[in-house]
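Reminder, nothing fancy here: chain letters follow the sequence lines and each chain counts from 1.
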Amino acid sequence: MFKAPRGTVDILPEEQAHWRYVSQTVERLCRLYGYERIDTPIFEEAALFTRGVGEVTDIVSKEMYVFEDRGGGVLALRPEGTASACRAYIQHGMHARSQPVRVYYLEPIFRYDRPQAGRQRQFWQFGVEAIGESDPSIDAEVVEMCWRLYEELGLTGLTLQLNSIGCPICRPRYIEALREYYSDKLDLVCRDCRDRFEKNPLRLLDCKNEQCQPFIAKAPITLDYLGVECSEPFEALRGYLKALSIPYELNPRLVRGLDYYTKTVFEVVPQEEGGQSTIGAGGRYDSLIEVLGGRPTPGIGFATGIERIILNLKRQEVAVPEAAPPQVFVAFQEEAREAAIALAGRLRRSGISATAATAGRSLRSQMRQADALGALYTAIIGREELNSDTVMLKRMNDGTEERIASNDVASFLANR
RNA sequence: GUGGGCGUAGCCGAGCGGUUAAGGCACCAGGUUGUGGCCCUGGAGACCGAGGGUUCGAAUCCCUCCGUCCACCCCA
């Protein structure tokens with residue numbers, strides 16, 4: 001038997017209410033903030049990500065789906081959304097538009113990772129990008145929008161964490177200080193941290209190992225090393241967030257896994273700590289466009305995982321709107337089969353949703369079906385109705401019946 | 001990529017060396033030859049994740065693989 005590939009899932013009809021709820025909320029939010037949708041290809045030249053996201057990041061070095069196409073080009077299923085959006089910005093000369101360019105996407109993302117709860121190989125992200133403006137008021141707008149999304153969805157108990165990791169000028173100074181601090185402690189920290197010291201020193205800060213905690217607590221923090229170019233906008237951002245009444249926690253240990261982040265970084269996590277808990281995250285990427293071959297252009301955005309949102313909606317038992325049931329279920333006896341099919345067709349042309357029974361079932365069975373579908377009304381056509389050109393219209397919630405001329409059914413229901 | 005738990009019908013789940021492999025939900029039919037939701041009766045549905053091995057005998061024990069879950073790595 002064929003099964004969906006490891007780490008992928010089918011989103012079944014009964015789950016669509018949650019998906020619809022999230023995508024409709026996302027669309028409303030974007031309209032509210034003036035972000036327009038952009039759709040980019042599901043695959044890109046692999047080099048876009050190796051250069052943009054960073055060759056040594058896990059996402060690129062061990063999680064990317066890379067393949068060669070028949071023309072010999074090396075392509076990759078996108079492992080994140082920002083690089084593609086920036087590529088499109090450059091390719092289509094969007095610097096010529098009014099800045100910043102505000103776009104959003106809702107798209108599948110692919111990472112060859114070991115699946116577990118809240119982590120799949122194909123998953124969906126909603127993300128926004130504001131490209132072409134470095135003013136911290138845009139940082140505030142993006143952070144606010146991210147926070148607001150969860151509010152609109154009805155999620156509670158979330159924490160917004162904020163930090164600044166500096167720019168290409170001040171960050172090396174910080175990393176040097178961090179390395180120096182750790183240089184005489186390498187015998188005391190865990191194995192992973194010794195690796196991190198070499199490969200990705202910022203990651204030292206969010207090690208979960210018990211033995212490393214005391215060292216993390218006393219480690220130098222990024223905020224103390226920011227140059228004025230970074231600290232001033234960060235202070236401004238904090239002021240804006242206060243003015244917007246967005247509750248945030250300053251987390252000096254917050255770092256991000258992608259190379260392109262600069263200055264503002266933030267993350268939203270549910271209260272209950274779990275393995276794969278981060279629900280959304282973002283930050284500024286002021287060097288990315290230039291790295292990708294564009295003129296120097298600042299940008300900021302965030303992305304959030306739809307599956308993780310839905311996981312939390314379900315955990316918190318947030319009620320989501322159900323799919324509308326058919327207004328009418330058309331049940332019939334064999335001799336009225338054509339009349340029933342015709343009636344269903346006429347109702348639909350009048351904008352009334354109708355599902356017809358299929359032939360060969362008892363009326364009782366058809367009624368059970370109508371009930372299972374949650375139909376508001378059942379129109380029954382038997383011999384008597386056929387002869388008098390009427391239908392027996394039954395209201396399912398209270399069982400009342402009324403005989404109505406076939407031609408009047410649509411207008412009768414339209415007035416309900 | 002590392003370590004561990006688990007895989008019995010569509011779903012939940014008992015059985016843990018010899019059973020016709022429980023039970024519940026869902027599904028289908030009937031109890032009402034023109035009527036749903038409750039109830040009752042019946043039916044269908046499982047090569048017990050796959051492959052190999054041990055044994056007279058394996059869903060039950062062992063190995064490999066696959067899947068899933070948890071933790072780590074990392075991340076949405």
Side-chain angles (χ1 to χ4, degrees), chain A residues 1-9 12 14 53 56-63 78-82 106-127 146 190-193 195-196 199-200 202-203 206-210 255-258 267-270 273-282 301-312 329 331-336 357 360-386 391-401 403:
Chain A
M1 188 177 52
F2 287 112
K3 288 192 281 190
R6 181 168 202 201
T8 67
V9 296
L12 301 177
E14 54 267 35
V53 179
V56 300
T57 59
D58 279 30
I59 287 181
V60 166
S61 63
K62 47 184 243 202
E63 295 172 7
R78 65 170 161 241
E80 63 105 42
T82 301
L106 182 60
E107 63 191 18
I109 303 285
F110 304 85
R111 289 183 199 168
Y112 186 89
D113 203 344
R114 184 122 166 208
Q116 64 184 75
R119 183 207 274 170
Q120 296 165 193
R121 289 183 173 179
Q122 177 180 343
F123 61 98
W124 287 70
Q125 280 189 348
F126 161 65
C146 179
C190 69
R191 266 206 82 203
D192 286 333
C193 277
D195 284 352
R196 293 185 178 108
K199 295 193 313 203
N200 196 353
L202 286 182
R203 284 267 153 231
D206 63 355
C207 179
K208 289 167 194 134
N209 201 312
E210 202 50 52
V255 293
R256 310 256 53 242
L258 285 57
E267 195 166 310
V268 177
V269 293
E273 278 304 314
Q276 312 307 318
S277 56
T278 298
I279 181 167
F302 77 85
T304 182
I306 307 300
E307 286 83 355
R308 287 186 186 178
I309 287 178
I310 291 174
L311 204 63
N312 281 277
F329 184 84
F332 57 90
Q333 289 185 295
E334 204 42 47
E335 57 265 48
R361 284 177 171 236
S362 66
L363 187 60
R364 154 189 253 234
S365 163
Q366 296 180 55
M367 291 306 294
R368 281 184 173 160
Q369 257 194 304
D371 191 55
L373 293 174
L376 272 31
Y377 289 85
T378 299
I380 302 164
I381 312 179
R383 179 167 302 164
E384 296 164 35
E385 288 77 17
L386 196 60
V391 308
M392 190 60 87
L393 194 63
K394 177 166 186 164
R395 187 157 63 174
M396 297 301 277
N397 61 4
D398 60 9
T400 56
E401 290 187 339
R403 190 181 290 278

Peer 1: Going by the rule side chain to side chain contact (heavy atoms under 4.5 Å, CB included), which residues pair with A:Glu384 if we only count those two or more places apart in sequence or in a different chain?
Peer 2: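 For A:Glu384 the side chain to side chain contact (heavy atoms under 4.5 Å, CB included) partners, ignoring immediate neighbours, are A:Arg403.
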
Peer 1: Do the side chain of A:Ser277 and the main chain of A:Pro270 share a donor and acceptor less than 3.5 angstrom apart?
Peer 2: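 Such a contact is absent between A:Ser277 side chain and A:Pro270 backbone.
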
Peer 1: Quickly work out the A:Glu14 CD to B:C25 C1' distance and round it to whole Å.
Peer 2: 14 Å

Peer 1: Think A:Gln116 has a side-chain N or O under 4.0 angstrom from the OP1 or OP2 of B:U68?
Peer 2: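 No, no such contact exists.
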
Peer 1: Quick one: is the NZ or CZ of A:Arg78 closer than 6.0 Å to the six-membered ring centre of A:Phe110, and within 45° of its axis?
Peer 2: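 That pair does not qualify as a cation-pi contact.
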
Peer 1: May I have the distance from A:Glu63 (atom CD) to B:A76 (atom C1'), rounded to whole angstrom?
Peer 2: 11 Å

Peer 1: Do any of residues 368-381 of chain A sit with a heavy atom less than 4.0 Å from RNA chain B, and if so which?
Peer 2: A:Arg368, A:Asp371, A:Ile380

Peer 1: Are any side-chain N or O atoms of A:Gln366 and backbone N or O atoms of A:Phe332, one a donor and one an acceptor, separated by less than 3.5 Å?
Peer 2: yes

Peer 1: Applying the side chain to side chain contact (heavy atoms under 4.5 Å, CB included) criterion to A:Ile279, which one of A:Leu311, A:Thr304, A:Ile306 satisfies it?
Peer 2: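 Going through A:Leu311, A:Thr304, A:Ile306 one by one, the side chain to side chain contact (heavy atoms under 4.5 Å, CB included) with A:Ile279 is satisfied by A:Thr304 alone.
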
Peer 1: Counting C-beta onward and ignoring hydrogens, is there a side-chain heavy-atom pair between A:Asp371 and A:Met367 closer than 4.5 Å?
Peer 2: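 The answer is no; the side chains never approach within 4.5 Å.
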
Peer 1: Between A:Arg121 and A:Glu63, does any side-chain N to carboxylate O distance fall below 4.0 Å?
Peer 2: no

Peer 1: Please state whether the base of B:U35 and the side chain of A:Glu401 form at least one donor-acceptor pair under 3.5 Å?
Peer 2: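 Indeed, a donor on one side and an acceptor on the other fall under 3.5 Å apart.
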
Peer 1: Can you tell me whether the side chain of A:Arg114 and the base of B:C70 have a donor-acceptor pair closer than 3.5 Å?
Peer 2: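 In this structure, the two groups form no donor-acceptor pair.
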
Peer 1: In whole Å, I'd like the distance from the NZ atom of A:Lys3 to the C1' atom of B:A50.
Peer 2: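 Interatomic distance, NZ of A:Lys3 to C1' of B:A50: 9 Å.
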
Peer 1: B:A29 C1' sits how many Å from A:Arg361 CZ, rounded?
Peer 2: 10 Å

Peer 1: Both A:Trp124 and A:Cys207 contact RNA chain B. Taking the nearest nucleotide for each, which residue is further toward the 5' end?
Peer 2: A:Cys207

Peer 1: Dot-bracket for RNA chain B, 5' to 3', counting Watson-Crick or G-U wobble pairs under 3.5 Å, with [ ] for crossing pairs and | for inter-strand pairs?
Peer 2: ((((((((.[[[..)..(....]]].(((((.......))))).....[[[[[..)....]]]]])))))))....

Peer 1: Would A:Asp398 and A:Arg395 satisfy salt bridge (Lys or Arg N to Asp or Glu O under 4.0 Å), going step by step from the backbone distance to the final call?
Peer 2: CA-CA 6 Å; A:Asp398 60 9; A:Arg395 187 157 63 174; 2.8 Å; yes

Peer 1: Taking atom types as modelled and ignoring hydrogens, do the side chains of A:Gln122 and A:Thr8 form a donor-acceptor contact shorter than 3.5 angstrom?
Peer 2: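 No donor-acceptor contact under 3.5 Å links the two side chains.
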
Peer 1: Return no unless some side-chain N or O of A:Arg191 is found under 4.0 Å from OP1 or OP2 of B:C72.
Peer 2: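 Indeed not, no polar side-chain atom of A:Arg191 lies that close.
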
